[in-house]
Amino acid sequence: MDEGHPHDTVESQPPAFTKPTKRGEGVYNVGLKLSNKLHSFFYRYGQLVGTYPVRVIVLSVVVVGICSLGLFKLEAETRITKLWVHTDNKAQRDKKVVDNVYGNGKSSSLYRIAQLLITVDQNQDMLQPVHFDRLRLLNKALTAVKATYQGTVYTFDDLCNKRGGACYTFNILQLFNDDPTEWSSREQILAGVNSNTTSFNVNRALGGITYDAAGQIAGAKYVSAEYWLDNNEEKVGDDYVDRKAEAWEKEWLDLAEAAGNNDVDFLDWTIYRRAARSWSDEFDRALDADIGWMPVAFTLSILYACFMLSRWSKGYLGFRGLVVLGGILSIGMALVAAYGLCVGVGLMFTPLMSAMPFLLLGLGVDDMFVIIHCLDSLPEEESLLSVPERMALTLAKAGPSITLTSLTDCLGFLLGSNTALPALSKFSVYCGVGILFDFLLQITFFCAVLALDMRSKQAGQGDLMCCCSPLNPVSERSYCGYVKKDDFTLQRAVSRFLAEPMVRKPVKAFVLVGFAAIGGGGLWGAMSIKTEMEIRDFLPKGSYLEAFYEKDDKHFSIGTSTAVYIDRGVEYSNPTVWPKMHELCDAFRSTRFVGSDTVECWFQAFAASWEGAPLQRGAFYVDLQRFLGSPEGHAYARDVVFEANSTSSIRTSRLTGYHDQLLESSTRAKSMDYLRQSVAGTALAREFGDVRVFAYSTAYIHYETYKSIEKDATMNLTLAVAGMSVIVLIIVVNPTAAALTVGSIGLAVMNIVGYMYWWGL
């Protein structure tokens with residue numbers, strides 16, 4: 001029982017705190033009053049914890065247990081479109097239109113693409129018959145992949161995206177009709193790629209292309225192979241997933257990896273791979289890797305805290321192993337409670353949450369040090385008081401300090417949740433809630449454990465180190481042979497070598513000049529740093545996806561696919577529309593950062609099929625249907641969507657193309673803006689507006705997010721510093737000290753941002 005403990009019966013009154021004076025007007029007066037109230041509150045609260053530690057522990061465990069019930073709903077979100085996509089922008093609105101016409105209305109992408117990049121060692125030329133033969137062999141193996149889901153076997157033919165009745169794939173062999181007789185020599189291959197007069201895009205199929213003096217293709221270091229699946233998502237719980245395609249992609253990725261390690265059939269080949277599920281797989285791997293480090297971090301923290309917080313001069317009575325374990329346990333409980341509560345109320349759990357244990361561990365151990373240091377620094381006469389009185393005095397000193405740090409940390413993270421990136425926003429909320437729980441459990445569970453330890457020490461009962469007796473007062477030697485006069489060697493060292501020299505004018509000048517130089521470098525870097533958003537930066541080191549995109553960026557000139565959509569209301573058979581369609585196609589083709597040779601315009605191809613004869617309004621739709629069903633026009637069949645049950649009214653059509661390969665986020669965002677501006681400047685867009693005539697790519701969702709990053713970062717930093725400043729100015733009594741504190745934090749933030757630039761982060 002808590003009540004009636006012999007050491008808990010001493011009556012006491014809270015110590016007298018500083019009273020406001022006439023010169024303590026304004027902020028100073030408010031801060032002083034608040035400081036006194038905090039000290040008084042924590043003094044009385046410390047008496048309560050010291051008197052009823054067992055009840056406090058039980059109550060803490062019950063509350064954490066209730067919060068942890070939310071963990072039964074835990075499911076990590078690893079889909080890139082849910083983690084790193086701005087939820088409200090023009091691209092998202094355009095996506096709804098596109099998905100409703102061309103997709104299932106649920107997918108962030110209409111297709112699922114699996115892709116290989118293949119190169120030969122020593123930067124040899126891939127345009128060789130032997131490599132084409134190997135590619136044909138590998139292509140057959142990959143399209144023959146089978147996967148089992150819920151007892152049913154699925155093949156590529158079952159899941160693929162079909163065009164013209166055949167599964168859609170893309171590789172250089174198609175330029176040669178997949179016929180080995182057409183690539184029997186290198187000269188024949190070069191002749192084929194240089195005399196290409198079809199719509200086949202060689203730059204999409206080949207990478208690292210070299211040219212001769214005449215501008216003809218002379219070689220290529222890489223070949224690409226694409227395998228397209230339909231994105232047939234089904235609702236599972238609250239999410240849409242395509243389990244069949246995911247199962248097939250797993251087998252496909254495994255086979256591609258095995259081929260890359262096959263030194264018999266694919267000697268000297270290096271194969272880079274990706275599939276739609278790859279992002280989720282790699283984020284899961286990152287989460288598992290981070291979780292694996294948690295036991296190591298907690299173990300090291302326990303050992304360090306035991307060494308630093310124990311009073312070694314007191315022998316076994318000074319060892320605080322169980323106290324430290326209680327503190328670490330309180331941090332773990334805070335983590336569980338935060339996870340459980342946030343998941344329980346429906347907040348998304350992301351791979352970033354794997355970093356949260358390390359954050360709470362650092363903050364929680366810091367609070368432990370503050371509380372125990374305040375206990376150990378009590379005057380000798382106060383160390384003889386009852387446990388409730390000593391706990392009251394300890395929390396009266398430590399409580400306001402950890403309250404200030406916890407409130408500022410919590411506020412900073414909660415304000416940081418106002419960001420466009422869902423993953424970062426939810427991470428900030430989780431961390432804010434976790435810091436709050438850590439604070440509450442430090443002043444409840446941990447302090448209650450500390451109170452029980454104080455009781456046992458007063459009763460002469462030791463901790464885990466039962467082998468060591470107390471210090472011998474005569475020889476100043478413990479039973480274990482440890483000689484020490486006190487436990488404040490480190491404190492004295494800091495005072496002697498840091499605090500005392502700092503009051504000397506030469507040292508002050510040196511420190512000010514040194515930090516001014518550091519601050520100057522930080523300011524320069526902060527003004528020079530560029531805002532970038534590369535989702536691949538969140539991939540774990542050594543990821544096969546990271547390697548894939550590195551090679552793709554470096555060696556392939558074809559970048560992101562894009563399209564211009566014309567949605568509803570356009571009467572294509574009207575001759576007045578035809579020049580507007582030509583203008584739109586030409587504007588698309590001439591836009592900066594768009595590969596002009598990649599643009600496919602169904603209308604211009606249809607008009608060209610008349611072989612010089614003018615289009616006829618009356619026969620427009622009949623002839624269009626015939627063209628889309630012909631060999632030269634079937635590639636455009638998916639670009640034209642007719643109204644339901646109609647062959648003479650087009651609902652939506654699109655023009656397709658590719659952006660250039662662009663390496664910087666800012667340039668990619670500009671490529672989106674340039675195309676939107678080009679489209680908006682056409683007569684058709686002016687007539688129907690950018691809601692019905694618009695440029696869209698699934699990548700634009702990420703580009704829009706990038707455009708909001710800099711604004712969000714500036715706003716969040718400003719709000720965090722402002723909120724922290726208000727708390728510091730109110731709680732810290734001395735205005736000068738508060739201003740110096742705020743200034744120091746501001747300089748620290750500036751230097752962090754600035755030196756990120758110098759370190760290339």
Side-chain angles (χ1 to χ4, degrees), residues 76-84 112-123 126 138 142 145 207-208 221-227 246-263 266-300 349-359 361 421 423-424 427 532-556 559 661 663-665 668 699 702 756 759-761:
E77 177 59 76
T78 56
R79 289 176 295 173
I80 187 172
T81 53
K82 295 289 186 179
L83 297 174
W84 308 110
R112 301 173 68 95
I113 303 174
Q115 184 179 4
L116 300 178
L117 301 181
I118 305 169
T119 187
V120 64
D121 296 347
Q122 310 300 326
N123 288 323
M126 287 293 295
L138 179 59
L142 291 172
V145 166
K221 296 178 181 178
Y222 286 80
V223 296
S224 172
E226 301 174 15
Y227 305 82
E246 288 179 356
W248 187 88
E249 287 171 348
K250 182 180 186 306
E251 299 298 328
W252 184 92
L253 287 167
D254 289 344
L255 181 58
E257 181 181 16
N261 296 325
N262 186 338
D263 291 335
F266 307 107
L267 180 65
D268 298 331
W269 269 20
T270 301
I271 300 176
Y272 304 93
R273 65 198 186 280
R274 75 167 175 108
R277 67 170 291 157
S278 295
W279 286 96
S280 296
D281 290 345
E282 290 302 274
F283 282 138
D284 283 340
R285 187 167 73 85
L287 184 61
D288 293 341
D290 288 341
I291 291 175
W293 281 104
M294 284 177 55
V296 177
F298 276 81
T299 300
L300 291 176
F349 188 90
T350 78
L352 290 182
M353 306 312 174
S354 61
M356 187 172 155
F358 305 100
L359 173 71
L361 183 62
L421 297 177
L424 288 179
F427 175 72
E532 289 287 336
M533 194 197 82
E534 288 292 344
I535 298 174
R536 68 191 68 170
D537 289 340
F538 294 99
L539 291 169
K541 292 299 182 183
S543 166
Y544 69 85
L545 265 186
E546 183 181 36
F548 176 93
Y549 285 110
E550 178 188 352
K551 301 304 180 183
D552 186 49
D553 287 347
K554 184 176 181 180
H555 297 288
F556 284 81
Q661 185 70 276
L663 301 183
E664 293 186 356
S665 300
R668 292 170 183 165
H702 301 293
M756 285 173 60
W759 295 331
L761 299 178

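Computed from a prediction, not measured in an experiment: that's the story for all the values here. Throughout, numbering of the chain's residues begins at 1 and tracks the sequence.
- K554 meets the side chain to side chain donor-acceptor pair (under 3.5 Å) test with no other residue; sequence neighbours excluded.
- With no hydrogens or angles considered, no side-chain donor-acceptor pair links T119 and Y272 at under 3.5 Å.
- Inter-residue side-chain proximity for I113 and R274 is flagged as met; some heavy-atom pair is nearer than 4.5 Å.
- Of the options D121, I118, N261, a side-chain contact (heavy atoms from CB on, under 4.5 Å) to W269 is made by I118 and by none of the others.
- Ring planes of F556 and Y222: perpendicular class, angle over 60° (limits at 30 and 60°).
- For the pair M126/K221, no side-chain contact is recorded, criterion being any heavy-atom separation below 4.5 Å from C-beta on.
- Distance check: F298 CZ to L361 CG gives 5.0 Å after rounding to the nearest 0.5 Å.
- The shortest side-chain heavy-atom distance between L116 and L142 falls under the 4.5 Å cut-off.
- Interatomic distance, F427 CZ to M353 CE, rounded to the nearest 0.5 Å: 7.0 Å.
- If you take CG on D281 and CG on L545, they are separated by 8.5 Å, rounding to the nearest 0.5 Å.
- Note that CG of L253 and CD of E249 are 7.0 Å apart. Values are rounded to the nearest 0.5 Å.
- In this structure the side chain of F266 never reaches within 4.5 angstrom of the side chain of V120, judged on heavy atoms.
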